[in-house]
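Small disclaimer: the values here were computed from a predicted structure and weren't measured.
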Amino acid sequence: MSLARRIATHLRAHEAKLGFQALVGSRGASSQSKELMDAEIEHATGLERKQLESERKGVDLFHEPWLDAPFGTETNPVEVTSAFAERVVGVPDAEDDSTIWWGTLKAGEPPKQITQNGEYFVLKQE
């Protein structure tokens, strides 16, 4: 974590206790946060800089759309894409995330459930 980000986090944590004006004087909240963001971006490099620039635009650089996808059911399974006729799929165990259950999906097969009471998957060949 960059020094500027740590300072900004510290300031935000103490705003409610001390009152924002006590920390930043007569400046407004929006100008102060913009200055902090400018300082962070100015000193950041590589991936951290890309992340900060994305945050400034209101975009989450690390958001994965599949995280918002609905649970795969037998009638509406999760479509796994592949250029090949089969693909290996890993599913974390419901009781122990460190255990992965593996299964193979094949083109043309009906939806497959890898774990008991888990999601259904079907291969969509591209």
For atom CD of E95, decide whether the heavy atoms of other residues, nucleotides or ligands shown that lie under 6.0 angstrom number more than 12. no

Applying side chain to side chain donor-acceptor pair (under 3.5 Å) as the test, list every pair that has at least one member in residues 112-123; sequence neighbours left out. Q113-Y120

First locate atom OG1 of T45, then atom CG of L52, and finally report the distance between them rounded to the nearest 0.5 Å. 10.0 Å

Under 4.5 Å side-chain heavy-atom separation, chaining through any Ile, Leu, Val, Met, Phe, Trp or Tyr, what else clusters with L47? Say none if it is isolated. L61, F62

Which pairs, with at least one residue in residues 99-111 and sequence neighbours excluded, count as a side chain to side chain donor-acceptor pair (under 3.5 Å)? D93-W101, D96-T99

Could you list the residues that satisfy side-chain contact (heavy atoms from CB on, under 4.5 Å) with A94, not counting sequence neighbours? none

So does R49 pair up with E53, basic N to acidic O under 4.0 Å? yes

Applying side chain to side chain donor-acceptor pair (under 3.5 Å), which residue pairs with at least one partner in residues 78-89 are found, sequence neighbours left out? none

Check salt bridge (Lys or Arg N to Asp or Glu O under 4.0 Å) between E74 and all other residues, then give those that pass, not counting sequence neighbours. none

Can you list the other members of the hydrophobic cluster that holds V59, where links are side-chain heavy atoms under 4.5 angstrom apart? none

Where L123 and F84 come nearest, the two heavy atoms and their spacing: CD2-O, 3.9 Å

Sequence-distant partners of R56, side-chain contact (heavy atoms from CB on, under 4.5 Å), two or more places apart: K34, M37, D38, I41

Over all atoms of both residues, closest heavy-atom pair of P77 and V122: CG-CG1, 3.6 Å

For N76, check side-chain contact (heavy atoms from CB on, under 4.5 Å) against everything at least two apart and list the hits. T73

